[in-house]
Amino acid sequence: MTSAEAATTAAFQITVQPSGRAFSANAGEAILAAAIRSGVGLPYGCKDGACGSCKCKKLSGTVQHGAHQSKALTADEEAAGLVLTCCAQPLSDVVLESRQVTDESAYPVKKMPVRVASLEKKSDDVMQVRLQLPAADTFRYHAGQYIEFILRDGTRRAYSMANAPHTQAEAPGVELHIRHMAGGKFTDHVFGAMKEKEILRVEGPFGSFFLREDSDKPIVLLASGTGFAPIKALIEHLQFKGISRPTVLYWGGRRPGDLYLADWVQARVAELPWLRYVPVISNALPEDGWTGRTGFVHQAVLDDFADLSGHQVYACGAPIVVESARDAYSAQRGLPPEEFFADAFTSEADKHGG
Ligand SMILES: Cc1cc2nc3c(=O)[nH]c(=O)nc-3n(C[C@H](O)[C@H](O)[C@H](O)COP(=O)(O)OP(=O)(O)OC[C@H]3O[C@@H](n4cnc5c(N)ncnc54)[C@H](O)[C@@H]3O)c2cc1C
Ligand code: FES
C-alpha cells in the first residue's frame, strides 16, 4: 500500500468528553456521519453546515471543515476551536466536548419506500401528509425526530414526524406537516402534482431533537409555523408515557390561521393539567379579530420568564426564531446551553444566503 493509499483509508479515533464515548471515522468522512454510522448520538439538525446545532468544542486533534455557512460557524469560533461535526473531517485522532451525547438514542437508520396515504390542507400553506410505511418492517424513532425524502436527483428534504412512535402499533405510518415554500423543489410538488398513493423514498430516523426523559425539569416548547410538527409528537409522547412535567407551549405564526392545529392543542390542554398553551401572532390584521398575545414568539417567552436556569427548552421551526431563542435564553435568562434542544428548519434559501 502506498502512503497516499494509507492516508485515504486511515481511520481516526473520535472521543467525546465527558462521556468518553469513542468511535472511528475514516479519513474524508465527516465526524457526524461516522457517529451516526456507529450509533453514537451527537447533537445535530440539518447535517449540511447551515443550522449550527452540531457545533461543539474540539479539545484536541486536527479537522478540516467542508463548505458551511458562516452563521453556523464564524471564523472566530473556528479559530477558538469550535467545530461543526457535520462538515468536519478528521486529520488526526480528535477529542470533542459535547454534553448532549446520548448512547441510547440511535435507532437503526433505514431507507424505505412509502406511500402517500392522505393529503389534507390545514391552512393556505400547510399540508398534513400521511405516509404509509411498509407493514412488515417496524419503524422505530424518538418523538421529535425527522425523516428525509430522497428525491429523484438524489437531493434530500427533511420533515419532522408529527406523530409519536407509539401510534405505530395501531397503523405503521407517519404524519408530516409541510409548509409550501414558493419555488421550492419539493413543496411545489406537494402543493401541485402530489396525489394519494404516490410512492416516495425516505430515509430515517434522524435528529437529536427528542425528549430527554432522564430530566424532571419543567419544559418550554417553542414552535414557529410547522415547527409545531415535532412538538405535537412530543406532547403525544408525554401524554402516552404519563409524564407530567410542567410544560408550556408557545406557538407563533404571522396570522392566526398559521396555528393550523390550534383546536388540537386546546383539546390536549383541556385533558392535561400539566400543559399550558400561549399562541403568539406577529402580523395580525384587523379582520383577524386577534385578542391574544402579539409579537415574536421567542420574545413572549422572555417576557414571561425572568429565569430559565431550571428549565429545558425544545425549539423548532424558522431558523431565525431558533437562533434568537438559543442566544437570548442563555445570555439573558440563564438557560444552560446543554438544556436547549432544537431543530432549525433550514432550506436551500438558508444554505445559499451566506
Ligand atoms: C431537520 C429539519 C426538519 C425539517 N422539518 C420540516 C417540517 O416538519 N415541516 C416543514 O414544512 N419543513 C421542514 N423542514 C424544511 C424542509 O426540509 C425544506 O427545506 C422545505 O420544505 C423547503 O423544501 P423545498 O424543496 O420545497 O424548497 P427548496 O428547493 O429547498 O427551496 C426553498 C426556498 O429557497 C428558494 N431557493 C432555492 N434554491 C435557492 C438558492 N440557490 N438561493 C436562494 N434561494 C433558493 C426557493 O425558491 C424556495 O423559496 C425541515 C428542515 C430540517 C433541516
Ligand atoms: S450545521 Fe451541522 S447539523 Fe446543521
Side-chain angles (χ1 to χ4, degrees), residues 30-33 35-36 42-56 63 65-74 77-78 82-88 96 98 100 122-123 125-129 131 141 144-153 155-163 174-192 194 200 202-210 223-234 253 258 260-261 315-319 322-323 326 341-354:
I31 290 174
L32 177 64
I36 293 174
L42 288 177
Y44 68 95
C46 69
K47 298 201 267 124
D48 212 7
C51 73
S53 289
C54 66
K55 189 158 46 193
C56 64
V63 303
H65 275 106
H68 61 276
Q69 294 292 298
S70 55
K71 63 175 189 289
L73 181 74
T74 64
E77 288 174 327
E78 189 170 355
L82 295 178
V83 297
L84 294 180
T85 60
C86 70
C87 36
L96 301 172
S98 175
Q100 285 189 10
K122 289 288 174 192
S123 75
D125 65 353
V126 176
M127 190 76 85
Q128 185 178 55
V129 180
L131 300 174
Y141 60 95
Q145 287 194 294
Y146 67 89
I147 52 167
E148 288 180 347
F149 287 102
I150 307 170
L151 309 186
R152 286 226 173 82
D153 63 2
T155 55
R156 289 164 175 255
R157 294 292 183 265
Y159 296 94
S160 308
M161 291 173 275
N163 54 327
V174 295
E175 169 189 332
L176 309 176
H177 302 165
I178 300 184
R179 184 168 74 86
H180 188 200
M181 293 188 81
K185 187 187 281 185
F186 184 66
T187 60
D188 269 0
H189 174 66
V190 172
F191 283 78
M194 184 176 269
L200 294 143
V202 300
E203 187 172 22
F206 291 115
S208 52
F209 183 79
F210 50 82
S224 86
T226 47
F228 174 67
I231 301 268
K232 171 175 176 284
L234 290 189
D258 292 336
Y260 50 87
L261 283 179
C316 259
V322 170
E323 285 157 25
R326 187 196 302 272
F341 307 94
D343 264 343
F345 286 3
T346 50
S347 75
E348 287 306 300
D350 301 294
K351 289 172 202 162
H352 298 276

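Counting starts at 1 for both ligands and their atoms, following the listed order.
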Checking the side chain of Tyr146 only, and the main-chain atoms of Pro205 only, is there a donor and an acceptor separated by less than 3.5 Å? no
Side chain of Gln145, backbone of Gly207: donor and acceptor closer than 3.5 Å?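 Answer holds: yes.
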Part of [X] with heavy atoms under 4.0 Å of ligand 1, whether side chain, backbone, both or neither:
| X | answer |
| --- | --- |
| Ala182 | backbone |
| Tyr146 | side chain |
| His180 | neither |
| Cys51 | neither |

Considering distance alone, does some N or O of [X] sit under 3.5 Å from an N or O of ligand 1?
| X | answer |
| --- | --- |
| Phe186 | yes |
| Ser160 | yes |
| Met181 | no |
| Asp188 | no |

Around atom 2 (Fe) of ligand 2, how many protein N, O or S atoms are closer than 2.8 Å?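 With waters ignored, the protein N/O/S count below 2.8 Å is 2.
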Fit a plane to each ring of Phe191 and His180, take the angle between them on a 0 to 90° scale, and name the class: parallel (under 30°), tilted (30 to 60°) or perpendicular (over 60°).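 Parallel.
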Check each of Leu82, Ile31, Val83, Leu42 against Cys56 using the side-chain contact (heavy atoms from CB on, under 4.5 Å) test, and report the only one that passes. Val83
Does anything in residues 183-192 form a salt bridge (Lys or Arg N to Asp or Glu O under 4.0 Å)? List the pairs, not counting sequence neighbours.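 The answer is Asp153-Lys185.
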Which atoms of ligand 1 sit under 4.0 Å from any heavy atom of Ile178? 11 (O)
Ligand-side contact atoms (ligand 1) for residue partner Arg157, heavy atom cut-off under 4.0 Å: 23 (O), 24 (P), 25 (O), 28 (P), 29 (O), 30 (O)
